Amino acid sequence: MFLTCLDLEGVLVPEIWIAFSEVSGIPELRRTTRDEPDYDKLMRWRLGILKEHGLGLPEIQAVIAKIDPLPGAKEFMDELRSQTQAVILSDTFAEFAQPLMKKLGWPTILCNSLVVSASSEITDFTMRCPQSKLTTVRAFQSIGYKTIAAGDSYNDLDMILASHAGFLFRSTEQIKKDHPELAAYETYDELFDAIKKAMEA
């Protein structure tokens, strides 16, 4: 039995922090997991910037409410889920993800959670488990699934490399250069075909 595990931001929806950076006018918040491999370091840096500018959860949620899935993403998910089980494994947060899941047709997502104060300041975050994407893929494998994984960033590499088949999707030139052994795709049609072939192999 196969289970496809997909990253969210950059794969199915635009990068939330880049969108927020553009709206807030804070260019430093454009930094994502495509740039920084250490997610804990990245998030604590982001929280520091939010605190410095007096920004909290409502401001970010207002931006997310206006974000639409990438063109073709919902159709890709619908077609993929007609062929196989699929789940989104993301390092985003439940407080960010819900409106995006609605626009994608409510696929299953496993992600993390924020710690928010009474004044709506984001004070901390709670990861679902250590090395969440890799740990989750291995857990799926332990109950009999062959996993197929696709993502675009450094924090996706562990789940991609640990899977029966793994692909880069709309990744950076540096990541593609660092991992020439991984097939890299730019369109949903290419990714869908690669997933189908992996299930037939």
Side-chain angles (χ1 to χ4, degrees), residues 2-22 30-37 39 42-43 63-64 66-94 96-112 128 131-137 140 147-179 182-199:
F2 285 94
L3 179 65
T4 298
C5 302
L6 299 170
D7 180 36
L8 177 63
E9 294 177 63
V11 174
L12 298 170
V13 304
E15 293 280 353
I16 291 169
W17 289 97
I18 290 177
F20 186 66
S21 168
E22 292 171 355
R30 290 185 63 86
R31 191 168 179 81
T32 71
T33 51
R34 287 171 162 234
D35 311 300
E36 173 56 66
Y39 188 75
L42 176 64
M43 270 306 301
V63 172
I64 293 171
K66 298 176 182 177
I67 294 176
D68 289 322
L70 293 167
K74 184 180 185 301
E75 293 78 7
F76 165 73
M77 283 299 295
D78 289 345
E79 188 174 14
L80 181 64
R81 291 162 72 197
S82 76
Q83 301 292 318
T84 184
Q85 297 295 313
V87 62
I88 297 171
L89 300 185
S90 176
D91 280 339
T92 193
F93 304 95
F96 290 177
Q98 187 169 8
L100 299 170
M101 294 305 99
K102 182 178 181 180
K103 292 178 181 180
L104 284 169
W106 298 111
T108 298
I109 182 170
L110 302 178
C111 58
N112 305 305
R128 187 168 45 79
Q131 294 181 288
S132 59
K133 296 186 182 188
L134 175 61
T135 301
T136 304
V137 159
F140 286 143
T147 60
I148 299 170
D152 67 327
S153 298
Y154 284 107
N155 65 332
D156 300 314
L157 290 172
D158 284 345
M159 75 168 179
I160 290 171
L161 293 168
S163 289
H164 171 76
F167 312 108
L168 295 173
F169 185 70
R170 296 181 181 173
S171 191
T172 67
E173 291 305 315
Q174 186 60 54
I175 292 174
K176 288 188 280 189
K177 182 179 176 182
D178 290 344
H179 292 275
L182 294 175
Y185 300 110
E186 297 296 322
T187 71
Y188 291 119
D189 286 345
E190 290 174 329
L191 182 58
F192 182 79
D193 289 344
I195 291 170
K196 281 198 72 174
K197 286 178 183 174
M199 290 192 295

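Predicted model, so just to flag it, every value in this text is computed and none were measured. Below, each value reflects all heavy atoms present in this structure, side chains not excepted, and no hydrogens, waters or symmetry copies. Along the sequence shown, the residues carry numbers beginning at 1.
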Worksheet item: So, Ser171 side chain and Asp152 main chain: donor-acceptor pair closer than 3.5 Å or not?
Response: yes
Fill in: Test item: Asp35 side-chain N/O and Arg31 main-chain N/O as donor-acceptor pair under 3.5 Å
no
Rounded to the nearest 0.5 Å, what's the gap from [atom1] on [X] to [atom2] on [Y]? Could you check?
| X | Y | atom1 | atom2 | result |
| --- | --- | --- | --- | --- |
| Met43 | Asn112 | CE | CG | 9.0 Å |
| Leu110 | Leu89 | CG | CG | 5.5 Å |
| Leu6 | Thr108 | CG | OG1 | 11.5 Å |
| Ile148 | His164 | CD1 | NE2 | 6.0 Å |

Item to complete: For Arg34 and Ser153, work out which heavy atoms get closest and say how close.
Response: CG-OG, 3.2 Å
Worksheet item: Quick one: do the Asp91 and Ser132 side chains pair a donor with an acceptor below 3.5 Å?
Response: yes
Worksheet item: Strictly by modelled atom types, are Thr136 and Arg128 linked by a side-chain donor-acceptor pair under 3.5 Å?
Response: yes
Does this structure show an ion pair linking [X] with [Y], if we count only N-O contacts that are shorter than 4.0 Å?
| X | Y | result |
| --- | --- | --- |
| Asp193 | Lys197 | no |
| Arg30 | Glu22 | yes |
| Lys103 | Asp68 | yes |

Practice prompt. Count the heavy atoms belonging to other residues, nucleotides or ligands that lie under 6.0 Å from CD of Glu186, then report whether that count exceeds 12.
Written response: yes
Discussion item. Using a 6.0 Å cut-off, check whether atom CD of Gln83 has over 12 heavy atoms from anything other than its own residue.
Written reply: yes
Fill in: Pair Phe169-Tyr185, ring-ring contact (aromatic ring centres under 6.0 Å, His included): steps then yes or no
CA-CA 5 Å; Phe169 185 70; Tyr185 300 110; 8.0 Å; no
